[in-house]
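A quick write-up on the structure given underneath.
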There are 2 protein chains.
Amino acid sequence: MSRPAGGNGGRSKRPTMVDVAREAGVALRTVSRVVNNDPTVGPEYAARVEAAIVALNYRPDERARQLRTGVTGTIGAAVRRIAEVNPALAAIEHTARASGQTLLAASTDFDEAREREILVSMCRQRLDGIIVEPIGENHAYLEPEIEAGMPLVSMDRPMAGISADCVMSDNAAGIGMAFHHLYRHGHRRIAYIGDSERVYSGRERAAAFRAALGAHGRPAEGLVHPGEITPERVAAALEAVLHGAEPATALVTGTMDTTLAVLRHLGPQAASRLGIVAFDEVPLADLIRPALTVVAQETSTIGRTAVELLRARIADPARPAQTVIVPVTLKTRGSGEVPA
Amino acid sequence: MSRPAGGNGGRSKRPTMVDVAREAGVALRTVSRVVNNDPTVGPEYAARVEAAIVALNYRPDERARQLRTGVTGTIGAAVRRIAEVNPALAAIEHTARASGQTLLAASTDFDEAREREILVSMCRQRLDGIIVEPIGENHAYLEPEIEAGMPLVSMDRPMAGISADCVMSDNAAGIGMAFHHLYRHGHRRIAYIGDSERVYSGRERAAAFRAALGAHGRPAEGLVHPGEITPERVAAALEAVLHGAEPATALVTGTMDTTLAVLRHLGPQAASRLGIVAFDEVPLADLIRPALTVVAQETSTIGRTAVELLRARIADPARPAQTVIVPVTLKTRGSGEVPA
DNA sequence: TATCCTCGCGATAACGTTATCTCGAAGATG
DNA sequence: CATCTTCGAGATAACGTTATCGCGAGGATA
């Protein structure tokens with residue numbers, strides 16, 4: 001006898017497989033077979049079960065399935081900010097979706113404690129794997145999780161204190177490209193403003209810039225300004241660079257936030273008179289003035305590679321940790337071609 | 001005897017509560033009590049259990065807990081595009097986090113089938129509730145889920161075919177504000193380009209614009225252009241509006257994507273000569289030229305309200321569906337103050 | 001001193017699925 | 001016609017946790 005979904009005696013509760021089995025007059029196991037498209041089920045049994053499923057509005061409980069099978073079919077992504085433009089996250093989602101996996105995205109908000117909270121929570125959920133854009137400066141607390149078999153891949157930066165797969169852009173080559181591009185357009189005093197050297201990418205990019213200066217026999221003093229990305233700090237760095245004894249004629253910005261802070265502080269007029277190459281693409285680049293020449297990261301490659309590294313680790317937990325460096329490309333749009 | 005995490009006889013498997021109980025020499029239930037901070041556990045027992053937990057690197061399995069307790073502590077958000085700027089999603093995450101809930105975000109990518117897939121998957125996961133930015137034009141397939149007690153809140157638009165809580169901006173007032181602002185600055189031929197009238201917000205905004213024209217005794221013919229937001233369609237609408245017999249001197253754009261398409265087609269020069277008020281804020285608004293006067297939505301209020309509506313429904317599944325209209329505000333930045 | 005609580009812990013049964021095993025009924029083979 | 005295989009379905013035991021119940025020890029009360 002069919003029983004409508006809403007009215008099972010006061011308590012609203014979803015029907016389970018046993019309910020469906022009772023309704024269809026078959027064994028529990030048979031319902032499970034039908035739900036999982038097991039071919040070894042007779043057509044009339046299948047039909048009876050299907051009918052019972054629609055009659056009761058049965059929906060399998062994914063949690064129970066996950067508990068029993070051990071796999072969640074979900075990968076976690078702990079990114080710095082959800083709700084902001086993040087092309088790598090889009091690539092992760094597409095790649096994951098293409099193989100039938102669900103993405104659980106969370107935002108660390110640049111907060112180390114929050115990052116830890118999220119990662120531990122993801123481990124407790126026994127996700128199939130985790131991709132993280134690291135914030136914290138020490139991830140040693142993740143070692144037991146890795147040892148316990150939790151696949152972990154970092155994106156954009158490696159994690160300190162543990163050995164894990166990592167995919168990131170070629171920071172050194174990108175900064176080198178930026179410098180050479182400005183140099184080729186006649187600039188001789190080129191300055192760098194970027195992220196703090198406490199973070200890995202900040203260290204790599206500042207070091208690459210110093211190396212580029214050195215390779216051209218230019219002294220570095222007064223030209224390299226890594227540090228926190230705040231409007232005040234960036235403004236101070238700009239003042240130092242542009243209003244000193246020997247003002248710089250060109251600028252390399254080390255992160256997207258640096259670029260935006262620079263543009264906001266200078267305004268379009270002053271910025272247009274400067275040679276500028278920005279590391280990392282800027283949203284709405286075609287609508288911003290001056291039109292920015294950027295070192296573009298292959299964000300979709302990065303996201304896809306992160307998922308692939310994760311899958312490789314899931315398939316073989318014993319494989320050695322691997323670091324993939326993704327090339328970058330220069331996109332000329334004008335700001336880098338301003339003559340000295 | 002303590003057993004290190006990695007080497008339990010070939011198969012790498014995480015320890016469970018029974019392992020901890022055996023290690024600590026207590027009952028399974030006691031471990032559960034310690035994990036859940038149950039105060040009715042003696043200090044020396046608690047210490048023994050804690051020691052066993054760190055010795056084995058035990059991490060509770062959230063899936064089993066969820067299955068047993070019935071609640072997941074997770075709310076789902078099916079937004080149009082993850083990985084793009086989406087302030088409402090940020091507000092949802094903060095609000096959810098503040099009350100200890102996890103956010104499972106997924107991207108519908110403006111695809112109706114994908115939306116359905118995501119929502120059904122979320123229902124199968126028995127999330128505590130779902131917030132959706134609807135895409136599809138008919139959500140009747142969700143009726144059984146709602147009847148089964150799945151809390152569902154729509155954001156930005158109502159869902160057709162079912163009755164559910166909804167939070168959205170005051171479209172009519174926003175369009176009215178935009179029109180009046182331009183009218184006050186002397187514009188008499190004001191055009192509208194916006195989203196298709198097949199979607200709810202597109203209908204509301206186009207209707208509000210026609211009403212505004214009517215209220216000022218202006219005819220609507222040739223001035224109201226709802227439709228798909230593609231570069232081609234927007235370009236055609238712009239041509240019709242600006243190069244006709246009586247060219248419009250001002251423009252109201254109905255969505256962010258419309259605004260961007262308009263700016264891209266006109267270029268900064270031509271756009272600056274036009275009065276423009278855009279519905280919805282634009283990312284990096286301070287760096288774009290012309291500086292856009294916009295009707296800004298209170299995205300954080302919308303996100304917060306969505307979570308609150310969801311919680312209210314979880315608390316009382318029988319309450320009548322409620323629609324919350326969030327006010328909008330005009331932000332003048334220049335483009336709306338261009339004289340006719 | 002006997003009785004009644006209270007407190008702290010342990011045994012055991014769920015939660016809703018899938019996996020292993022068993023078993024009866026067919027059809028194939030000698 | 002007897003036996004062997006195959007096939008499809010059912011009973012039952014997990015998965016790892018929490019909730020219900022029970023039970024023994026200890027302090028308070030008459």
Side-chain angles (χ1 to χ4, degrees), chain A residues 8 11-50 52-53 56-73 121 123-128 148-149, chain B residues 8 11-50 52-53 56-73 121 123-128 148-149:
Chain A
N8 43 6
R11 257 194 60 170
S12 166
K13 228 173 139 294
R14 303 199 77 126
T16 76
M17 266 193 184
V18 268
D19 297 321
V20 176
R22 193 181 329 115
E23 171 86 11
V26 301
L28 172 61
R29 187 68 182 90
T30 303
V31 180
S32 172
R33 277 189 260 256
V34 171
V35 168
N36 291 3
N37 294 317
D38 190 319
T40 76
V41 58
E44 72 271 31
Y45 279 84
R48 284 231 303 276
V49 172
E50 301 277 13
I53 286 177
L56 298 181
N57 267 317
Y58 167 74
R59 299 283 179 279
D61 189 326
E62 188 63 20
R63 296 170 301 180
R65 204 193 69 78
Q66 288 176 10
L67 176 60
R68 179 62 235 236
T69 61
V71 299
T72 60
S121 160
C123 289
R124 290 178 52 136
Q125 289 187 68
R126 303 290 194 271
L127 298 186
D128 290 354
Chain B
N8 44 7
R11 257 193 59 169
S12 167
K13 229 173 135 297
R14 302 198 78 126
T16 77
M17 267 193 182
V18 264
D19 298 321
V20 176
R22 192 182 329 115
E23 171 86 11
V26 300
L28 171 63
R29 187 70 182 90
T30 303
V31 179
S32 171
R33 277 190 260 257
V34 171
V35 169
N36 292 358
N37 294 318
D38 190 318
T40 75
V41 59
E44 72 270 34
Y45 278 82
R48 284 230 303 278
V49 171
E50 301 277 13
I53 285 177
L56 297 182
N57 267 317
Y58 167 72
R59 299 283 180 279
D61 189 325
E62 188 63 21
R63 297 169 300 179
R65 203 192 68 78
Q66 289 176 10
L67 175 60
R68 181 60 234 235
T69 61
V71 299
T72 60
S121 160
C123 288
R124 290 177 52 134
Q125 288 188 68
R126 303 289 194 272
L127 298 185
D128 290 354

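Letters A, B, ... mirror the listed sequences (proteins, then strands); counts begin at 1. As a basis for the values below, the full set of heavy atoms in this structure was taken, side chains included, without hydrogen atoms, waters or symmetry mates.
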Discussion item. Please report the interatomic distance CZ(A:Arg33) to OH(A:Tyr45), rounded to the nearest 0.5 Å.
Written reply: 11.0 Å
Discussion item. Looking at A:Arg48 and A:Ala24, would you say the former's side chain and the latter's main chain have a donor-acceptor pair under 3.5 Å?
Written reply: yes
Worksheet item: Is it true that a side-chain atom of A:Arg63 and a backbone atom of B:Gly70 form a donor plus acceptor pair closer than 3.5 Å?
Response: yes
Worksheet, complete the sentence: Sorted by chain and number, sequence neighbours left out, side chain to side chain donor-acceptor pair (under 3.5 Å) with A:Arg65 holds for A:Glu62
Worksheet entry | Nearest heavy atoms of B:Leu28 and B:Val18, plus distance in Å | CD1-N, 3.9 Å
Item to complete: Give A:Val26 one of three labels, base, sugar-phosphate or nothing, depending on what nucleic acid heavy atoms sit under 4.0 Å from its own.
Response: sugar-phosphate
Worksheet entry | A:Asp38 side chain vs A:Thr40 backbone, donor-acceptor pair below 3.5 Å | yes
Worksheet entry | Least distance between heavy atoms, B:Pro15 atom then B:Asn57 atom | CG-O, 4.1 Å
Worksheet item: How many angstroms lie between atom CZ of A:Arg126 and atom OG1 of A:Thr72, to the nearest 0.5 angstrom?
Response: 11.0 Å
Discussion item. Quiz question: going by heavy-atom distance under 3.5 Å, is there a donor-acceptor pair between the base of C:dG8 and the side chain of B:Arg29?
Written reply: no
Worksheet item: In Å and rounded to the nearest 0.5 Å, what is the CD to CZ distance from A:Gln125 to B:Arg59?
Response: 14.5 Å
Practice prompt. State which residues pass side chain to side chain contact (heavy atoms under 4.5 Å, CB included) with B:Arg68; sequence neighbours excluded, sorted by chain then number.
Written response: none
Practice prompt. Under 4.0 Å from any atom of DNA chain D, heavy atoms only: list the residues of residues 37-49 of chain B that qualify, in numerical order.
Written response: none
Worksheet entry | First-last contacting nucleotides on DNA chain D - partner chain A, under 4.0 angstrom, heavy atom | D:dG8 to D:dG16
Practice prompt. Please list, by residue number, the residues of residues 58-68 of chain A whose heavy atoms come closer than 4.0 Å to an atom of DNA chain C; answer none if no residue qualifies.
Written response: A:Tyr58, A:Arg59, A:Pro60, A:Asp61, A:Ala64, A:Arg65, A:Arg68
Worksheet item: Hey, what bend do you get for the helix from C:dT1-D:dA30 to C:dG30-D:dC1 if you fit axes on five pairs at each end, rounded to 10°?
Response: 50°
Discussion item. Over all strands shown, is A:Ser32 touching base, sugar-phosphate only, or nothing at heavy-atom distances under 4.0 angstrom?
Written reply: base
Discussion item. Taking the side chain as everything from C-beta on, heavy atoms only, tell me whether A:Asp19 gets closer than 4.5 Å to A:Thr16.
Written reply: yes
Item to complete: Over all heavy atoms of both residues, which pair between B:Val20 and B:Ile53 is shortest? Give the atoms and the distance, please.
Response: CG1-CG1, 3.8 Å
Fill in: Considering all heavy atoms, the nearest B:Met17-B:Ser32 contact
CE-CA, 3.4 Å
Discussion item. Quick check on DNA chain C: between B:Leu28 and B:Arg126, whose nearest nucleotide comes earlier from the 5' end?
Written reply: B:Leu28
